[in-house]
Amino acid sequence: MAWKRIRRDKVTTVALVATLLFIAVALLAPVLTSLTGWGPITPDNKAINPDTGNFPYGSLGGIGAEHLLGVEPGTGYDLFARVVYGLRTSLYVGFASAVLSTAVGVVAGLAAGYFGGWVDSLLSRVMDVMLAFPQLLFIIALTPVIQNALQTDSHGGTDENLRLLVLVLNIAVFAWAYTARLVRGQVLSLREREFVDAARLMSAGRRHILFRQLLPNLWAPVLISFALAVPQNITTEAALSYLGVGVIPPSPDWGALLSDASQFFLQDPMYLFVPGILLLLLVLALNLLGDGVRDALDPRARRG
């Protein structure tokens, strides 16, 4: 029934197609860049004009048959390759942090709602504290501290995969409480239902009740929470990279691209418009898809 509602909703269908297209482009990034012949950190010195301060030739940032989205000022990096690989980074951080925060939130919410008593009081206070934190400010403060403490490469820097892992963990640490609070409220209602009482009368253990009786009845709100968390986490990752505490150039990332492009906006506006518009479309598609999933699973919340 939920799938039928999604297919009948044209906005959600378009958002789903757009999301799948973004995911396909990210997965096929090596194939797509091999077809163009330019990697994300392969400079094309012939595409930039030293007489104009190393800005690209042409009026549209170097857009043409050889460089589909133009090139970066100064470096000559192919913008199409950097955008495609930057999409992989955004989707990886967004989905990985959402999976981790959702998993922790489900476990914490189940425990708090089912056991009650001091367990509920303790976990609820922890949730309140986490929800009260200014998330972005603390991530900005913690990320470089952790990354500097984990320097692994020969130049005294942090391995890029490790930097992404730190980003995922930091975002998830401050995001799990939203899911936990939602799950706790649902469990408080479900634990008094007849099917739970029947399981207790049949001497079912706590593990069976939690994971075989309660959890299957929570998948709808959990799925909605996950779908709405992904675009939020992608935006957070882009903001961190824009501020210089996320992915560091020359590694491709949309937030870092926007940060660099803001310095050249007057001379080369396409450098800012390309990643900016794509980031807008990605987050918009994910948000619309999340809203559509919520409406399909809870018809009472459907848009007017």
Side-chain angles (χ1 to χ4, degrees), residues 22 25-26 29-30 32-33 38-44 47-48 54-56 61-62 67-97 135-137 139-148 150-153 155-171 230-283:
F22 275 115
V25 169
L32 296 175
T33 54
W38 297 100
I41 55 174
T42 304
D44 183 7
I48 56 178
N54 288 330
F55 287 102
H67 298 285
L68 301 179
L69 298 178
V71 297
E72 285 190 358
T75 63
Y77 293 149
D78 181 69
L79 192 54
F80 174 78
R82 294 186 64 75
V83 163
V84 169
Y85 274 90
L87 174 61
R88 300 184 79 183
T89 301
S90 296
L91 290 178
Y92 167 74
V93 174
F95 277 94
S97 56
Q135 175 183 346
L136 188 59
L137 291 179
I139 295 177
I140 292 173
L142 287 175
T143 300
V145 173
I146 297 174
Q147 291 172 344
N148 291 336
L150 298 174
Q151 292 179 353
T152 57
D153 64 21
H155 302 287
T158 306
D159 179 78
E160 191 56 44
N161 292 328
L162 191 56
R163 295 185 67 91
L164 292 179
L165 179 60
V166 170
L167 276 177
V168 168
L169 293 176
N170 278 343
I171 294 174
V230 173
Q232 180 180 355
N233 294 346
I234 289 176
T235 305
T236 300
E237 183 275 328
L240 292 172
S241 296
Y242 182 88
L243 295 172
V245 295
V247 178
I248 303 298
S251 298
D253 179 82
W254 286 5
L257 284 176
L258 291 173
S259 179
D260 292 340
S262 62
Q263 306 173 40
F264 306 107
F265 176 70
L266 295 179
Q267 298 85 356
D268 186 7
M270 293 303 298
Y271 185 25
L272 180 66
F273 286 151
V274 170
I277 292 174
L278 289 176
L279 179 60
L280 171 65
L281 292 177
L282 173 61
V283 174

Excluding sequence neighbours, so at least two apart, what forms side-chain contact (heavy atoms from CB on, under 4.5 Å) with [X]?
X	result
Asp44	Trp38, Lys46, Ala47, Glu66, His67
Leu281	Phe22, Ile277
Leu137	Pro134
Leu279	Ile234, Ala238, Trp254, Leu258, Val283

With sequence neighbours excluded, tell me which residues meet salt bridge (Lys or Arg N to Asp or Glu O under 4.0 Å) with Glu72. Arg82
Student check: side-chain heavy atoms of [X] and [Y] closer than 4.5 Å:
X	Y	answer
Val274	Leu79	yes
Leu282	Leu91	yes
Val247	Leu164	yes

Hey, is the main chain of Leu87 close enough, under 3.5 Å, to the side chain of Ser90 for a donor-acceptor pair? no
Indicate the atoms forming the closest heavy-atom contact of Pro40 with Pro252, along with that distance. CB-CG, 4.1 Å
Scanning both residues in full, the closest heavy-atom pair of Ala256 with Ser241 reads N-CB, 3.7 Å
Residues forming a ring-ring contact (aromatic ring centres under 6.0 Å, His included) with [X], sequence neighbours excluded:
X	result
Phe95	none
Tyr242	none
Tyr92	none

Could you note down all residue pairs passing salt bridge (charged side-chain N to carboxylate O under 4.0 Å, His left out) where residues 260-273 supplies at least one of them, sequence neighbours left out? none
Pairs meeting criterion salt bridge (charged side-chain N to carboxylate O under 4.0 Å, His left out) with involvement of residues 234-251, two or more places apart: none
Could you give the distance from [atom1] ([X]) to [atom2] ([Y]), rounded to the nearest 0.5 Å?
X	Y	atom1	atom2	value
Ile171	Thr235	CD1	OG1	10.0 Å
Leu272	Ser259	CG	OG	10.5 Å
Ile139	Leu167	CD1	CG	8.5 Å

Residues, nucleotides or ligands: over 12 heavy atoms within 6.0 Å of Leu165 CG: yes
With Thr33, which residues qualify under side-chain hydrogen bond (donor to acceptor under 3.5 Å, both in side chains), at least two apart? none
According to ring pair (Phe, Tyr, Trp, His ring centres under 6.0 Å), does anything in residues 68-91 pair up with another residue at least two apart or in another chain? List the pairs. none
